[in-house]
Amino acid sequence: MNRRTAQDLQAAYCKLFAHFGPQHWWPGKTPFEVIVGAILTQNTNWGNVEKAIANLRSHRLLSPIKLKKISVSRLAVLIRPAGYFNVKAKRLKNFIDFFFAHYNGSIRAMSKKPWPALRAQLLSVNGIGEETADSILLYALNKPVFVVDTYTRRILSRHKMISPDSDYQTIQKLFMDNLPCRRALFNEYHALLVCVGKQMCRTNPVCAGCPLKHFRGVPC
DNA sequence: GACCAGGCACATC
DNA sequence: GATGTGCATGGT
């Protein structure tokens, strides 16, 4: 653990939490719905994902067994609003196949697997990368794993806590080595980073009202 | 009409 | 190993 880094990460968290308050993530009704959302939200606005999930719900398809039975082409039509619908339909199906092959479609059974081993398994599924795997572990299965996304990288890079080309695991390790290993903290912190990231200007270095303004001597 | 959004896999060099 | 590209909708 690096004392300065730990202090900075904790200070940033406090600023974000004081400004935005609790985010109550992930916005999914069940662990399975969280997993579906994690795959559908890849490089996509969450609002579009909600439309796709609403379609699945209105057709009563938001269950492992129903998605197991549906064809990829019909699934693609239903998730169309989420974008990349052909790719994502295959990815959802890949996950479902994996889910039944290893855990008989049971969240409880999957959750019993030690998370480092489960993470490796998830990464072997075509269409599940590091962020999606970690989102599933943290938000669907309540494992103490930090999720790194575009916003996390952008914010830490701007405040000179990482170099812009740091890889996923380096950034994840920064958080996990320097914060208490608490699921609730990792959950809230990532949600808060997304929250501030959404309103952060990507070009203008000074954002009025940003809770991280001048954090570590950087305008915002 | 351009730009962007809570990535990932694959081809190419 | 690093870099580039395809995938696609909907909001601003």
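For the numbers below, each heavy atom of this structure counts, side chains included, while hydrogens, waters and symmetry mates do not. Just so it is clear: chains get the letters A, B, ... in the order the sequence lines come, proteins before strands, and each one is counted from 1.
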Legend entry - ring-ring contact (aromatic ring centres under 6.0 Å, His included), paired with A:Y189, selected from A:F17, A:W25, A:F175: A:F175

Inset, instruction - Heavy atoms only: give me the nearest A:F215-A:D8 pair and the separation to one decimal. - result: CZ-O, 3.2 Å

Inset, instruction - Might you point out which heavy atoms bring A:S157 and A:S163 nearest each other, and give the distance in Å? - result: OG-C, 4.5 Å

Distances for protein N or O near nucleotides 10-13 of chain B N or O, under 3.5 Å:
| unit_1 | atom_1 | unit_2 | atom_2 | d |
| --- | --- | --- | --- | --- |
| B:dC10 | OP1 | A:N126 | ND2 | 3.2 |

Inset, instruction - Might you point out which heavy atoms bring A:I35 and A:A140 nearest each other, and give the distance in Å? - result: CG1-CB, 3.7 Å

Legend entry - Rounded distance [0.5 Å steps], NZ in A:K113 versus CG in A:L122: 10.0 Å

Legend entry - A:R57 and A:E33, any side-chain heavy atoms less than 4.5 Å apart: yes

Legend entry - Spacing between A:E131 atom CD and B:dA9 atom P, to the nearest angstrom: 12 Å

Legend entry - Length of the CD1-C1' vector between A:I136 and B:dC8, whole Å: 13 Å

Legend entry - Nearest-angstrom distance from the residue atom CD of A:E130 to P of B:dA9: 10 Å

Inset, instruction - Check the distance between B:dC8's P and A:K88's NZ and give it to me in whole angstrom. - result: 11 Å

Legend entry - Protein-nucleotide distance (A:N94, atom CG; B:dA9, atom P), rounded to Å: 10 Å

Inset, instruction - Could you tell me whether the phosphate oxygens of C:dA8, OP1 or OP2, come under 4.0 Å of any side-chain nitrogen or oxygen in A:T44? - result: no

Inset, instruction - Could you say whether A:V125 or A:K198 is positioned toward the 5' end of DNA chain B, judged by the nucleotide with the nearest heavy atom to each? - result: A:K198

Inset, instruction - Select base, sugar-phosphate, or nothing to describe what A:G127 touches, counting heavy atoms under 4.0 Å on all strands. - result: sugar-phosphate

Inset, instruction - Nearest whole angstrom, please: distance from the C1' of B:dC3 to the CG of A:N43. - result: 13 Å

Inset, instruction - Look at all strands and tell whether A:I128 reaches a base, only sugar-phosphate, or nothing, counting heavy atoms closer than 4.0 Å. - result: sugar-phosphate

Legend entry - Nearest-Å distance for atom pair CG/C1', residues A:D165 and C:dT3: 13 Å

Legend entry - A:Q42 backbone acceptor or donor facing A:K88 side chain under 3.5 Å: yes

Inset, instruction - Determine the Euclidean distance between corresponding C1' atoms of B:dA5 and C:dT3; express it in Å to zero decimal places. - result: 22 Å

Inset, instruction - Using the P atoms only, state how far B:dC10 lies from C:dA8, rounded to an integer number of Å. - result: 15 Å

Inset, instruction - Starting at atom OH of A:Y84, determine the distance to atom P of C:dT9, rounded to an integer number of angstrom. - result: 10 Å

Legend entry - Residue-phosphate contact under 4.0 Å: A:R153 side-chain N/O, B:dG7 OP1/OP2: no

Legend entry - Side-chain touch A:P27/A:W46, heavy atoms, less than 4.5 angstrom: yes

Inset, instruction - Hey, can you tell me if A:F95 and A:F32 have their rings parallel, tilted or perpendicular (30° and 60° cut-offs)? - result: tilted

Collect all protein-nucleotide pairs involving nucleotides 10-12 of chain C in which both atoms are nitrogen or oxygen and the distance is under 3.5 Å.
| unit_1 | atom_1 | unit_2 | atom_2 | d |
| --- | --- | --- | --- | --- |
| C:dG10 | O4' | A:N48 | OD1 | 3.1 |
| C:dG10 | O4' | A:N48 | ND2 | 3.2 |
| C:dG11 | OP1 | A:K51 | NZ | 3.3 |

Legend entry - A:S58 and A:N55: side chain donor to acceptor below 3.5 Å: no

